[in-house]
Amino acid sequence: MKTTDFVVTLFHGKANPNEVTVASVMGLNAIKQGHTATIILMVTAVELGQPNATEGIDIGAPFPAVTGTLEEFIKLGGQVCICKACLLHNGFKEDQMDPRFILINAPDVVTLLMSAKGSLQIS
């Protein structure tokens with residue numbers, strides 16, 4: 001895990017496609033503005049840590065589909081972190097998660113947020 005300029009903390013998963021969309025769009029826009037960025041998946045958003053979990057999340061114009069946005073975010077250097085305690089609490093196992101994503105714990109969340117120049121909590 002590396003600290004970044006901007007952190008988006010997402011608390012909800014597929015049941016809240018608007019929130020998932022906004023998180024990915026804001027993270028990508030931070031990267032495009034030259035900032036480093038992290039998206040943290042917490043609570044039920046950990047389900048999005050599974051490979052291909054964002055497929056089909058598309059709320060329509062003017063927003064792009066989440067999968068493309070998230071892939072571009074990662075390609076441009078964005079970091080996706082998953083709360084390990086939330087993952088276990090929600091019945092997932094580490095090996096079910098996308099290997100590009102980083103498992104973190106509570107102290108890591110605090111470090112990321114306290115080191116960031118800006119953050120957005122979407123709950």
Side-chain angles (χ1 to χ4, degrees):
M1 175 200 79
K2 62 183 180 201
T3 59
T4 55
D5 299 332
F6 185 66
V7 175
V8 178
T9 309
L10 181 62
F11 293 89
H12 300 288
K14 294 178 186 180
N16 291 284
N18 289 332
E19 293 177 1
V20 175
T21 300
V22 169
S24 65
V25 166
M26 297 305 268
L28 179 57
N29 275 277
I31 294 277
K32 286 183 172 183
Q33 289 181 14
H35 304 288
T36 55
T38 298
I39 296 173
I40 303 174
L41 305 177
M42 297 187 72
V43 191
T44 60
V46 298
E47 71 180 348
L48 301 171
Q50 299 174 94
N52 306 312
T54 60
E55 285 186 10
I57 301 177
D58 186 349
I59 62 172
F63 295 99
V66 172
T67 298
T69 305
L70 191 58
E71 287 301 318
E72 186 176 2
F73 172 79
I74 293 167
K75 180 181 175 186
L76 295 175
Q79 172 177 256
V80 178
C81 295
I82 303 170
C83 171
K84 185 175 178 180
C86 298
L87 177 133
L88 297 172
H89 177 75
N90 283 283
F92 294 102
K93 295 180 180 164
E94 294 178 34
D95 63 1
Q96 291 177 285
M97 298 297 115
D98 188 315
R100 300 174 296 172
F101 299 171
I102 301 164
L103 295 178
I104 61 173
N105 56 35
D108 297 324
V109 172
V110 173
T111 297
L112 282 165
L113 290 171
M114 297 303 293
S115 299
K117 295 176 184 176
S119 66
L120 176 65
Q121 284 74 46
I122 302 176
S123 59

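Following chains of ILVMFWY side-chain contacts shorter than 4.5 Å, one cannot reach Leu87 starting from Ile40, and the two form parts of different hydrophobic clusters. Ile102 and Met42 fall within the same hydrophobic cluster, defined by Ile, Leu, Val, Met, Phe, Trp and Tyr side-chain heavy atoms under 4.5 Å apart, directly or through other members. Neither Phe63 nor Val20 shares a network with the other; the hydrophobic side chains, linked directly or stepwise wherever heavy atoms of I, L, V, M, F, W or Y lie under 4.5 Å apart, form separate groups for each. Under the 4.5 Å side-chain heavy-atom criterion for Ile, Leu, Val, Met, Phe, Trp and Tyr, Ile31 and Phe101 are members of the same hydrophobic cluster. In this structure, Ile104 is not a member of the same hydrophobic cluster as Ile122, with clusters built from ILVMFWY side-chain heavy atoms closer than 4.5 Å.
Taking 4.5 Å as the limit, every side-chain heavy atom of Thr36 sits out of range of all side-chain heavy atoms of Gln79. Looking only at side-chain heavy atoms (C-beta outward), Asn105 and Lys84 stay at 4.5 Å or farther from each other. The closest side-chain heavy-atom distance from Glu19 to Leu10 is below 4.5 Å. Taking the side chain as every heavy atom from C-beta outward, Cys81 and Asp108 never approach each other to under 4.5 Å. The side-chain heavy atoms of Leu120 and Phe6, taken from C-beta on, include a pair separated by under 4.5 Å.
Heavy atoms only, all atoms of each residue included: Ala37 and Gly27 are closest at CB-O, 3.9 Å. Closest of all the heavy-atom pairs between Cys83 and Val46 is O-CG1, 3.9 Å. Here the shortest heavy-atom pairing between Ala45 and His12 reads CB-O, 3.4 Å.
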Begin with the C-alpha distance, continue with both residues' side-chain angles, and end with the deciding distance and a verdict on side chain to side chain contact (heavy atoms under 4.5 Å, CB included) for Leu70 and Val80.
CA-CA 9 Å; Leu70 191 58; Val80 178; 4.1 Å; yes
Kindly indicate, with the supporting measurements, whether the criterion side chain to side chain contact (heavy atoms under 4.5 Å, CB included) is fulfilled by Gln121 and Leu113.
CA-CA 10 Å; Gln121 284 74 46; Leu113 290 171; 3.6 Å; yes
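Checked options Val66, Leu41, Ile82, Ile39; the residue passing with Leu48 is Leu41 (criterion: side chain to side chain contact (heavy atoms under 4.5 Å, CB included)). Between Ser24 and the choices Ile57, Asn29, Thr69, the side chain to side chain contact (heavy atoms under 4.5 Å, CB included) rule is met once, by Thr69. Shown are Thr9, Thr4, Thr3, Asp5; of these, the side-chain hydrogen bond (donor to acceptor under 3.5 Å, both in side chains) with Thr38 is made only by Thr4.
Taking a cutoff of 4.0 Å between a charged side-chain nitrogen and a carboxylate oxygen, Arg100 and Asp98 qualify as a salt bridge.
More than 12 heavy atoms of other residues, nucleotides or ligands lie within 6.0 Å of CZ in Phe92, so this atom counts as buried by the packing criterion.
Annotation: the span from Leu103 atom CG to Glu94 atom CD amounts to 5.0 Å, rounded to 0.5 Å. Atom CG in Leu28 sits 10.0 Å away from atom CD in Gln33 (nearest 0.5 Å).
At least one donor-acceptor pair under 3.5 Å links the side chain of Glu47 to the backbone N or O of Lys14.
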